[in-house]
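For reference, the structure is listed below as structure tokens.
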There are 2 protein chains.
Amino acid sequence: MQKQPTIRDVAQAAGVSVAVVSRVLNPGSGPVAAATRSRVNDVMKTLGYHPRTAARELKFGPPTTLGLLLADVSNPFFARLADQVVQEAHARGIQVLLMTTQEDDQLESERLATLIERRVSGIIATPTGNNLAIWKQLQDLGTEVVFVDRSIPSLPEVDVVSIDNFESARSATALLAAHGHRRIGIISGPAASTTGRDRIAGYRQALETAGLEQDELLIRHAAFRGPAGGDAASALLNIEEPPTALVVANTAQVTEVLRRLSHAGIDIPGTLSVIVFDDSPWTELMTPALTIVRQPIDLLARHSVQLALSNTQGKRSGKPNVIRVAAELVERSSVARLQFSK
Amino acid sequence: MQKQPTIRDVAQAAGVSVAVVSRVLNPGSGPVAAATRSRVNDVMKTLGYHPRTAARELKFGPPTTLGLLLADVSNPFFARLADQVVQEAHARGIQVLLMTTQEDDQLESERLATLIERRVSGIIATPTGNNLAIWKQLQDLGTEVVFVDRSIPSLPEVDVVSIDNFESARSATALLAAHGHRRIGIISGPAASTTGRDRIAGYRQALETAGLEQDELLIRHAAFRGPAGGDAASALLNIEEPPTALVVANTAQVTEVLRRLSHAGIDIPGTLSVIVFDDSPWTELMTPALTIVRQPIDLLARHSVQLALSNTQGKRSGKPNVIRVAAELVERSSVARLQFSK
DNA sequence: AAAATAAGTGGAACCGGTACACTTTTATGT
DNA sequence: ACATAAAAGTGTACCGGTTCCACTTATTTT
């Protein structure tokens with residue numbers, strides 16, 4: 001465990017001033033003779049010198065770190081989002097500080113405090129929906145905030161990148177209606193979440209277009225965490241006139257719902273057709289292969305990173321960017337055509 | 001976009017010196033009158049002051065950041081590991097810088113360079129197996145390095161946390177043998193990886209104990225990324241005397257293998273019994289429910305974080321910590337008992 | 001009541017880089 | 001050759017915290 005050499009050690013060993021070493025470190029910041037440059041480089045190598053990021057950051061709040069604040073990473077959707085964000089960021093030489101909220105606004109506020117102290121240049125987040133004041137403060141501080149997947153309606157000035165939740169739920173529901181289903185259930189996210197609400201709205205629109213009756217018993221909001229999805233599924237199965245088709249629009253609860261259906265001995269798609277919002281490779285391996293709504297995670301990630309880094313300064317003038325990317329409905333075998341419905 | 005207040009702004013507004021403000025910021029670093037303290041706190045609040053981590057870090061390389069260097073996060077195993085590591089770290093007030101290597105040693109070395117410059121206090125990594133010199137350098141610099149899941153045999157002085165790969169593959173194979181299988185195939189990780197090798201070794205041991213012949217044709221190493229697993233599965237199916245049972249010991253390739261088996265019209269467990277190393281919730285939902293080897297990811301995470309933070313100083317004396325946690329074999333329905341084998 | 005001790009505060013050096021203003025060396029033009 | 005411009009290199013003040021030390025003002029001890 002040796003003590004770390006500093007730029008002054010390098011300067012001394014190379015027989016030059018620290019300014020020259022700094023120039024070698026930052027090409028383009030000033031002229032250095034080729035011979036000197038290589039000599040300094042040699043010294044740095046033999047001394048095992050590495051400039052300290054912390055010292056650099058002190059001068060200017062450098063756009064070299066991004067905060068990624070997700071609900072959790074065990075959810076494959078967020079995991080893949082994190083993976084893509086990290087890759088995108090690395091491609092731009094940016095590092096990612098990963099944090100999770102567990103959907104807990106108290107934890108969220110703590111994480112945000114840390115991110116403020118670190119003076120990250122941007123934050124990509126799936127907000128819990130609270131902590132309005134902190135989000136506002138962050139923007140005032142000049143931190144670029146991008147909400148991904150969800151948003152907070154009362155913070156309209158924040159950039160948002162998400163899929164078109166309304167349209168994706170609408171088209172999934174429309175597909176079921178087109179297959180003759182008249183009792184279509186939906187399990188979505190919490191009513192407080194934009195994704196939860198927008199998807200329900202799309203669902204309602206599809207029913208209306210298809211001329212189907214809207215039954216509030218068929219609409220369930222489930223929390224993102226815990227067994228909420230399974231409970232919602234059970235509840236749905238036990239109503240007087242149970243659905244013949246189900247849209248699972250809460251990605252975090254897909255496996256919970258399927259587990260419950262399986263335990264209940266439900267035949268898919270025989271007694272219940274299913275469409276899920278989830279693009280896990282496993283969905284294709286199920287029996288039957290599940291019809292899914294696929295979210296273009298790579299696009300979400302790319303746009304998020306881009307926004308989080310673009311607005312580095314200025315530009316906070318105009319209206320916020322709202323990017324909606326289209327989700328893809330992938331038809332497989334979990335939706336049955338109802339013959340005798342009329 | 002206001003400009004950020006500094007400690008001097010706070011001091012001036014509160015009518016005290018910066019030293020006092022600093023003491024308020026770091027309780028226990030010196031005496032402050034209660035009245036002064038609350039006055040300073042008020043000023044900090046109204047000014048919206050947040051101390052800059054970068055400035056703090058300049059004084060001492062503070063153990064406030066951990067590097068987490070994984071192959072990728074789209075793999076659910078690593079995703080859940082990342083999730084747990086982040087939670088463990090947060091519980092200790094530590095932040096996590098997430099990086100991915102894509103199993104590419106060039107990328108790995110770049111990420112490591114960044115981590116050195118950031119002076120992180122510890123690194124938890126799934127090493128590609130190269131960059132020996134850099135890993136050594138990191139240790140010399142006093143950075144605590146912990147390999148998780150895999151290790152590098154030629155770096156025996158690095159701490160390692162993993163499951164008992166040998167034993168878990170042995171017991172899975174033994175289970176198959178006990179069910180009467182005599183032709184048991186295995187698809188593991190690359191021969192260059194410790195997990196790949198150790199699991200094969202456990203497999204061989206089980207065969208030997210069961211008195212079964214070892215056929216090299218039944219042993220396949222597959223890369224962690226790409227279609228390698230699927231290809232290995234196809235190859236295995238097409239040998240002269242194909243296996244009646246298969247251990248998929250390469251977690252990253254499980255879905256690839258299953259996809260190939262499915263496309264080939266293989267009946268599980270009718271014509272092929274299967275045990276996979278993967279604890280995804282989906283494995284239970286498959287038809288049939290898959291028998292799995294479950295890795296205790298929370299334990300891996302907890303021990304890794306603990307080691308990465310414990311050795312902060314001193315202690316580099318003794319021999320490295322090697323922690324092996326037991327994996328759990330969860331029997332479900334993808335293994336058939338062979339009746340007529342003799 | 002004098003001396004010793006403790007509490008509260010301020011001044012300034014320092015951490016390790018960056019960058020500006022400036023001096024010295026080398027190259028260029030006629 | 002000589003003036004002049006460009007290139008190379010140096011000194012040093014920052015950035016925003018922390019901390020050591022000196023100093024002043026209470027509080028306690030005997």
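Proteins get letters first, then strands, A, B, ... in listed order; numbering begins at 1 in each.
In this view, A/Thr6 satisfies the side chain to side chain donor-acceptor pair (under 3.5 Å) rule with no residue, not counting sequence neighbours.
A donor and an acceptor atom, one from each side chain of B/His50 and A/Arg119, are nowhere located under 3.5 Å apart. Counting only N and O atoms by type, the side chains of B/Glu88 and B/His303 include no donor and acceptor under 3.5 Å apart. For the residue pair A/Gln95 / A/Thr65, no side-chain donor-acceptor distance below 3.5 Å is found, with atom types taken as modelled. No side-chain donor-acceptor contact under 3.5 Å links B/Asp298 and B/Gln84.
Heavy atoms only, all atoms of each residue included: A/Asp72 and A/Phe78 are closest at O-CB, 3.1 Å. A pairwise comparison of heavy atoms in B/Ser29 and B/Ser22 identifies OG-O, 4.4 Å as the closest pair.
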What's touching nucleotides 21-27 of chain D from the protein side, N or O pairs under 3.5 Å?
none

Please enumerate all protein N or O atoms sitting under 3.5 Å from an N or O of nucleotides 12-15 of chain C, with distances to 0.1 Å.
residue : atom : partner : partner atom : Å
C/dC14  : O2   : B/Lys59 : NZ           : 2.8

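Taking atom CD of A/Glu117 as the reference point, atom P of D/dG17 lies 10 Å away to the nearest angstrom. Per the geometry, CD1 belonging to A/Ile7 stands 19 Å off P belonging to D/dC14, to the nearest Å. With rounding to whole Å, A/Gln12 atom CD is found 14 Å from C/dG16 atom P.
OP1 or OP2 of C/dA19 has not a single side-chain nitrogen or oxygen of A/Ser29 nearer than 4.0 Å. Residue B/Arg56 places at least one side-chain N or O closer than 4.0 Å to OP1 or OP2 of D/dT18. Considering only side-chain N and O atoms, B/Ser17 lies nowhere under 4.0 angstrom from the phosphate OP1 or OP2 of C/dT9.
A 6.0 Å sphere centred on CD of A/Gln12 holds no more than 12 heavy atoms belonging to other residues, nucleotides or ligands.
Electrostatic pairing of B/Glu103 and B/Arg150 counts as a salt bridge here, judged by a charged N lying under 4.0 Å from a carboxylate O.
Nucleic acid contact for A/Pro51: sugar-phosphate only, since backbone atoms but no base atoms lie under 4.0 Å from a heavy atom of the residue. Counting non-hydrogen atoms under 4.0 angstrom, A/Val21 reaches nothing in the nucleic acid. Within the 4.0 angstrom heavy-atom criterion, only backbone atoms of the sugar-phosphate kind lie near A/Val32; the bases stay farther away.
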